[in-house]
Amino acid sequence: MRLSKYFLPVLKENPSDAQIVSHRLMLRAGMIRQAQSGIYSWLPMGFKVLRKLENIVHDEQVRAGHNPMLMPTMQSADLWKESGRYEDYGKEMLRVTDRHDRDMLFGPTNEELITDIFRSNVKSYKDLPLTLYQIQWKFRDEVRPRFGVMRGREFLMKDGYNFDVDKPSAMHAYNRHLVSYLRTYERMGMKAIPMRADSGPIGGEDTHEFLVLAETGESEVFYDSKILDLHLGDREVDYDSWDQCAAIFDEWTTPYARTDETHDAELFAQVPAERQMTSRGIEVGQIFYFGTKYSESMNAKVSTPDDGDVPVHMGSHGIGVSRMIGAIIEASHDDKGIIWPEAVTPFGVGIVNLKQGDEEADAACEALYKSATALGLDPLYDDRNERAGGKFASMDLIGLPWRITVGPRGLKNGVVELTSRKTGESEELTPELAIEKLVKIYADV
RNA sequence: CGGGCUAUAGCGCAGUCUGGUAGCGCGUUCGUCUGGGGGACGAGAGGUCGCAGGUUCGAACCCUGCUAGCCCGACCA
């Protein structure tokens, strides 16, 4: 993409409404624009990152054997009355009436809708286990939206639902989801720690939240620092293996890690003192096992050979995709701007032409732009007629992990400069070597 | 939902106390000079001063009501 043709309205100054760093940087980097309190338009660059995160989530869900689908944002109130949650959910649920005076709602979550789909199509234990998921916009009418996309009213969430014949099978689904979530966050370049949590209005027995550590997090968290050393890495996982998933579940849930909701001071005291960590975290996902809560109230049963018709055991799982962007920025930025992990960066590399209009510089940039594009590096070429300082400041702000700087001075010696956004370190290379190096870097992402 | 604050050009702000027909910086447009970390000079464009009502000869400014947004708290992916 050429910056001269891209819609990237960057701001030099901090918008006064934005208090926390991710909100400020998303506004300044031209990623989002507020429409109303807690409701945002996603401008091209923000949208691009959102799509990248979605792709990673989809990829890992499908790898775990789950079925992608899409449910409507508007739901009928009838199903919610059937489950009993129409009354329970309270004011967070946005209720509307259509032209025929029918009660409708903007879905805050989809347990009812998915259970309805399930019960009218699945009758036999032979069709289980089954996990369906979607990535769809949700609406929760928060009392106090804040922090930009971190607590919006409208937000993009991956929500998945598993159906199993009995509790042991459902617990495997629970473990499988935990493993796939660990992989998902690692692929985004993030460390998200699973912590035992409270179930809230979704209800249920077992639940873990995934938290990204950040000063601005809304939850207070307590953990054994040992958990930070755990990596899933590229180990092969058989998602159908109960033992393998359970082993990984044990590995990650054995070290103490809890939010303030479930914190147990006595247990925490047993962690060696030097490993007792207290900090704040941003919740970016949660997994639940809630047994037969919905299948009983909504009569979702399957036939079994031994026990006749039994209500299915269910769980649900969510990843806050739009919130994740805020969490990534909270965890990865400096005073100049965002620092994107390579896995989710909107563009692979920024090309800065220091002297736009200079024949040699222009030609060198064009050549770089073409080869980088051809090799899938997805470059953003700053071809504006700006001065060097302005171009650098914009690049630092939007936070692409790599920058190639092209100017007459270097070109005299046949070199360009390759700079890491994260470390600030530069090296002079021929254009060909710079591209080659980037291709290698992104091959590992 | 309780408490606090704010609303004036795309963004950041001054002007309100003491009423007299709106200003600064950035950005933006045009031109010239520049050209390796937000450059200089010159010329321009851009505002129903959140909305409604009131007081007044006259309201961004005073009064009343409303709306929107932000922050703290309680609540939550």
Side-chain angles (χ1 to χ4, degrees), chain A residues 9-20 23-24 27-28 30 33-39 89-93 107-110 135-160 181 192 197-202 207-212 216-219 259-261 281-288 316-324 326-327 336-337 352-358 361 382 384-397 403 405-412 415-417 419 424 426 428:
Chain A
V10 299
L11 302 172
K12 211 164 164 179
E13 285 169 289
N14 283 324
S16 58
D17 277 351
Q19 299 300 320
I20 69 162
H23 190 197
R24 277 207 303 264
L27 288 167
R28 286 194 52 205
R33 182 181 163 85
Q34 182 167 11
Q36 287 176 66
S37 180
I39 302 178
Y89 218 90
K91 289 189 168 179
E92 280 207 2
M93 187 156 75
T109 177
N110 289 263
I135 298 176
Q136 175 65 294
W137 292 93
K138 308 293 188 297
F139 196 96
R140 295 185 191 173
D141 200 1
E142 294 283 341
V143 268
R144 192 183 154 209
R146 63 190 132 163
F147 303 155
V149 300
M150 302 270 277
R151 182 161 297 283
R153 292 194 289 170
E154 192 178 49
F155 57 98
L156 188 63
M157 181 167 99
K158 171 258 159 179
D159 50 320
Y181 275 24
D198 251 3
S199 59
I202 305 231
T207 177
H208 279 82
E209 288 178 346
F210 289 78
L211 288 107
V212 169
T216 46
E218 292 188 272
S219 318
T259 67
D260 47 2
E261 292 172 340
I282 300 164
E283 190 191 325
V284 293
Q286 189 160 11
I287 55 177
F288 300 90
S316 69
H317 341 86
I319 292 179
V321 179
S322 48
R323 170 183 285 184
M324 193 69 206
K336 292 178 184 166
V352 170
N353 186 347
L354 289 175
K355 195 167 183 182
Q356 206 70 42
D358 178 90
D382 190 344
R384 298 171 303 164
N385 192 20
E386 290 284 320
R387 297 170 64 87
K391 290 190 177 186
F392 288 140
S394 294
M395 276 296 170
D396 288 344
L397 174 63
R403 184 184 81 207
T405 310
V406 181
R409 193 187 292 170
L411 288 177
K412 264 184 208 147
V415 296
V416 296
E417 210 177 312
T419 307
S426 293
E428 295 198 327

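- Heavy atoms of A:Lys138 sit nowhere under 4.0 angstrom from any nucleic acid atom.
- Each of B:G12, B:G38, B:G69 was ranked by its minimum atom distance to the side chain of A:Glu13; first place goes to B:G12.
- Of the charged side-chain nitrogens involved, none lies within less than 4.0 Å of a carboxylate oxygen, so that A:Arg153 and A:Glu92 do not count as a salt-bridged pair.
- Annotation for A:Arg33: atom CZ does not count as buried by contact number, only 12 or fewer foreign heavy atoms lying within 6.0 Å.
- Here A:Gly357 lies out of heavy-atom contact (under 4.0 Å) with every strand.
- With contacts defined as side-chain heavy-atom distances shorter than 4.5 Å, the pair A:Glu218/A:Phe147 qualifies.
- B:G35 makes up no base pair with any nucleotide shown, lacking Watson-Crick or G-U wobble contacts both under 3.5 Å.
- OP1 or OP2 of B:C70 lies within a sub-4.0 Å distance of a side-chain N or O belonging to A:Gln34.
- Toward the 5′ end of RNA chain B lies the nearest nucleotide of A:Asn385, the other residue of the pair A:Asn385 and A:Gly148 mapping further downstream.
- Closest to the side chain of A:Gln19, from the set B:C1, B:G37, B:C71, is B:C71.
- Listed nucleotides: B:C70, B:U34, B:G37. Nearest to the side chain of A:Lys336: B:G37.
- Residue contacts for A:Arg33: at a heavy-atom cut-off of 4.0 Å it reaches no nucleic acid atom on any strand shown.
- Proximity note for A:Pro15 (side chain, C-beta onward) versus B:G12, B:G35, B:G37: the nearest is B:G12.
- Taking a pair to require two hydrogen-bonding distances under 3.5 Å in either a Watson-Crick or a G-U wobble arrangement, B:U64 pairs with B:A52.
- A 3.5 Å limit on both hydrogen-bonding distances identifies no Watson-Crick or G-U partner for B:G58.
- Under 4.0 angstrom from either OP1 or OP2 of B:C75 there lies no side-chain N or O belonging to A:Arg144.
- Put simply, the side chain of A:Thr405 never gets that close to the backbone of A:Val352: no donor and acceptor are under 3.5 Å apart.
- Heavy-atom nearest nucleotides on RNA chain B were determined for A:Lys91 and for A:Leu11, and the one closer to the 5' end corresponds to A:Lys91.
- Between the CD atom of A:Glu92 and the P atom of B:C75 there is a distance of 12 Å, rounded to whole Å.
- A:Phe147 comes within 4.0 angstrom of sugar-phosphate atoms only, judged by non-hydrogen atoms across all strands, and of no base.
- Distance alone, capped at 3.5 Å, is enough to place a donor-acceptor pair between the A:Tyr181 side chain and the A:Gly318 backbone.
- Side-chain proximity of A:Ser37 to B:G37, B:G69, B:G38: nearest is B:G69.
- Inspection of the A:Gln356 and A:Lys391 side chains reveals an N or O donor paired with an N or O acceptor under 3.5 Å.
- Across all strands shown, B:G46 remains unpaired; no Watson-Crick or G-U wobble contact has both distances below 3.5 Å.
- The base of B:G35 does not come close enough to the side chain of A:Arg387 for any donor and acceptor atom to sit less than 3.5 Å apart.
- The residue A:Gly390 sits close to a base: some heavy atom pair falls under 4.0 Å.
- Taking only side-chain nitrogens and oxygens, A:Ser16 comes nearer than 4.0 Å to OP1 or OP2 of B:G12.
- Proximity note for A:Arg409 (side chain, C-beta onward) versus B:G36, B:C70, B:C1: the nearest is B:G36.
- Side-chain N/O atoms of A:Arg403 and base N/O atoms of B:G37 include a donor-acceptor pair closer than 3.5 Å.
- At a threshold of 4.0 angstrom between heavy atoms, the contacts of A:Gly152 include nucleobase atoms, whether or not backbone atoms are also involved.
- Using C1' as the reference atom, B:G15 and B:G47 are 14 Å apart when rounded to the nearest Å.
- Residue contacts shown for A:Asp358 are absent, as no nucleic acid heavy atom lies under 4.0 Å away.
- OP1 or OP2 of B:G38 has not a single side-chain nitrogen or oxygen of A:Lys12 nearer than 4.0 Å.
- Base pairing of B:G12: its partner is B:C24, meeting the Watson-Crick or G-U wobble criterion (both donor-acceptor distances under 3.5 Å).
- For the pair A:Thr109 and A:Tyr89, the minimum side-chain heavy-atom distance is below 4.5 Å.
- Closest contact between the side chain of A:Val143 and the listed nucleotides B:G38, B:G36, B:C75 involves B:C75.
- Of the nucleotides present, B:G73 is the one that pairs with B:C1 by Watson-Crick or G-U wobble criteria, both distances under 3.5 Å.
- Within 4.0 Å of A:Gly318, counting heavy atoms only, lies no atom of the nucleic acid at all.
- Counting atom types as modelled, A:Asp396 pairs a side-chain N or O with a base atom of B:G37 as donor and acceptor under 3.5 Å.
- Note on A:Lys355: every side-chain N or O is 4.0 Å or more away from OP1 and OP2 of B:G36.
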